[in-house]
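First comes the structure, then the notes that go with it.
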Amino acid sequence: MNKFEQLGLSESLLKAILDLGFENPSEVQEKAIPLLLEKDTDMVALAQTGTGKTAAFGFPVIQKIDANNRNTQALILSPTRELCLQITNELKNYSKYEKGINVVAVYGGASITEQARDIKRGAQIIVATPGRMQDMINRGLVNITGINYCILDEADEMLNMGFYEDIVNILSTTPDDKNTWLFSATMPAEVARIGKQFMTDPVEVTVGAKNSGSSTVSHEFYLVNARDRYEALKRLADANPDIFSVVFCRTKRDTQAVAEKLVEDGYSAAALHGDLSQAQRDGVMKSFRGRQIQMLVATDVAARGIDVDNITHVVNYQLPDEIETYNHRSGRTGRAGRLGTSIVIVTKSELRKISSIERIIKQKFEEKTIPSGIEICEIQLLHLANKIKDTEVDHEIDNYLPAITNVLEDLTKDELIKKIVSVEFNRFIAYYKKNRDISSQSGDRRERDSAPREGGNTGGGGATRYFVNIGSRDNFDWMSLKDYLKETLDLGRDDVFKVDVKEGFSFFNTDPEHTDKVMEVLNNVQLEGRRINVEISKNDGGGRRDHNGRSSGGGFGGGRSGGGRREGSFAPRREGSGGGFKSDRNAAPREGGFRSDRNSAPREGGFGGRNSAPRGEGSSDRAPRRSESFGDSPRPRRPRRD
Ligand code: ADP
Ligand code: MG
């Protein structure tokens, strides 16, 4: 008995396999076939080219469809005409001893009426390229509303070729209860997105090294003037309060300088480079792993082999000399199946490097705009609100409560909330007023992608910017949110733009003519039982100078917030944390961001705290320090395990 016989395949298939001369199943076949035969399930299968994926889905689909029923039961989408014909041919071979099975190929460049006629005769399986398939659906020449199986073959290639929208449209005309099998050689972000959007609990089959191209990583670049590089870095950190990142510089000197500046400006950063002693490097890595450092500034050599999971962002403060090195850098994030972002801060003269990198990584970059001060402000405020909500109360506080209540008792809940939040907001808004816009634009790249740029200047000035209380927590990314908004609001393709998705909320723009509609419709919609709330954001989404037009040269730093300290990750630091970054004497945990005071006690003065005004306001280019408000309670939440 050969191994094919152990997979649960029917006699007629086994006979065909014998004819094909296949002796043993390949790894992906051995793993996928029994699972697919056994139950009705969604599947994501990752295996390199040439590993026999066609049979891995082909055998099961042939066995599972009903040959006595002439309706279309399975749709296989494939990127090119050649592959389409190849798959069709293979399926015909596989099913040659099975009576009554018809496989029809549907692809562009051939007569659509002939293909339609073949389908009409009864094709249980259609193998199609997305473009032609969409065409046939539009013309009513095919009916896939009753299919049981949809297979996306070479999904990465299809998306590479720009078939995202077609695929989404095609899938939306298929029944919800079908099974979707996705076969791909790599798992770039778009493939993961399709998987997330259209599959339920897919079983995963992986053959060989997963993600050799580091494809759970999405790539973004921000175009700035050379002198704004550092400012851009700060804002990106401020716009991502939970950032946990490796920041790459080209030289040891730059690495040291950037780390020092960050520390000075109140961020929890440290340098890692070859001039540190081994002990210092160990110390830095230990702090990084322990999340006491949110931004590890490193040289390529020193960062080699950093195996820390959960890194949210890789920041290319400067691009490497050898663009191949980019791959090693971006591979520090998106590990262990998590999604990560690789950011490049780039100047105009380096822009062509982006295209070279795109060719190497076989992925596209998204051009984004450095967030404006007001946008950071909004992000930080919402972050604060969420943090307040999630803060566990230590009942030590109960002792003080009567006195506190006494002070605050005349305030209504609304007033109290406003005041609490204003503690942060007043400071931000004061700072923001001095803030200038630092983003540069690369108009020439804009038309290159099929999707309108989200970060570009599209519709800058006149547009209305909205804030909406749904975000990545609700499984949206910018593309799916945009689709959702377009659909819900019944707007056209380019009417919703500059969609920027954060965890618990998002921003987007429309032209002012749609504002009434957006407010009225969206505020009366529910998403999975939750009311959607949309508000007009004061931020125009970037691309403009600030209101008073001043260029203070200063940056909006946003409040530093205590990201990085995910669950249990921060705790009193016992040891001086090695070389590379200025460490404070005190034992209190450093709340990423602000420079600790001398004293080790949790600072009194909850909100408002010590000095809640930005330091050196008006003259300094420093970010405002985070006050010791509860955004970042200096108290450790959990004891540290050392
Ligand atoms: P992929 O889709 O993974 O790129 P294919 O399905 O096109 O790979 O298969 C590649 C080649 O391997 C084809 O020529 C196919 O006939 C052959 N092949 C597939 N499965 C087997 C097997 N179990 N034993 C021998 N050859 C196989
Ligand atoms: Mg294939």
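- In this structure, Lys482 contributes its side chain and Val496 its backbone to a donor-acceptor pair below 3.5 Å.
- The aromatic rings of Phe508 and Tyr466 lie parallel to each other, their planes meeting at an angle below 30°, with 60° marking the opposite boundary.
- Contact between Ala259 and Ala269 at its shortest, heavy atoms only, is O-CB, 4.3 Å.
- By the salt bridge (Lys or Arg N to Asp or Glu O under 4.0 Å) test, Lys196 is found to be paired with no residue, residues two or more places apart in sequence or in another chain being considered.
- Nearest approach of Leu182 to Ile194, heavy atoms of both residues: CD1-CG2, 4.3 Å.
- Checked options Val224, Asp228, Leu223; the residue passing with Ile370 is Val224 (criterion: side-chain contact (heavy atoms from CB on, under 4.5 Å)).
- Between the side chain of Tyr317 and the backbone N or O of Thr255, no donor-acceptor pair lies under 3.5 Å.
- For Tyr326, the ring pair (Phe, Tyr, Trp, His ring centres under 6.0 Å) criterion is met by His219, Phe365, not counting sequence neighbours.
- When every heavy atom of Ile376 is checked against every heavy atom of Ala239, the shortest pair comes out as CG1-CB, 4.2 Å.
- Remark: side-chain polar atoms of Ser245 are paired, donor with acceptor, to backbone N or O of Gln294 under 3.5 angstrom.
- Proximity of a side-chain donor or acceptor of Ser277 to a complementary backbone N or O of Gln280 within less than 3.5 Å is detected.
- In terms of heavy-atom proximity, Gln318 sits nearest to Arg250 at OE1-N, 2.6 Å.
- Minimum interatomic distance between Glu157 and Pro79 (heavy atoms only, all atoms of both residues): CB-CG, 3.9 Å.
- Smallest separation of non-hydrogen atoms from Pro130 and Asp166: CB-CB, 3.9 Å.
- Annotation: side chain to side chain contact (heavy atoms under 4.5 Å, CB included) contacts of Ser506 (sequence neighbours excluded): Val468, Leu481, Val501.
- Aromatic ring centroids of Phe288 and Phe244 lie under 6.0 Å apart.
- Judged by distance alone, the side chain of Asp474 and the main-chain N or O of Gly471 form a donor-acceptor pair under 3.5 Å.
- Side chain of Trp181 to backbone of Thr41: a donor-acceptor contact under 3.5 angstrom is found.
- Checking each of Arg281, Arg253, Gln256 against His273 for a side-chain hydrogen bond (donor to acceptor under 3.5 Å, both in side chains) leaves exactly one that passes, namely Gln256.
- With no hydrogens or angles considered, a side-chain donor-acceptor pair links Thr347 and Glu350 at under 3.5 Å.
- Side-chain atoms of Asp153 never come within 3.5 Å of backbone atoms of Ser78 as a donor-acceptor pair (strictly under, hydrogens ignored).
- One N or O on the side chain of Ser480 and one on the backbone of Asp477 form a donor-acceptor pair closer than 3.5 Å.
- Few gaps surround CD on Gln278; more than 12 heavy atoms of other groups in view lie less than 6.0 Å from it.
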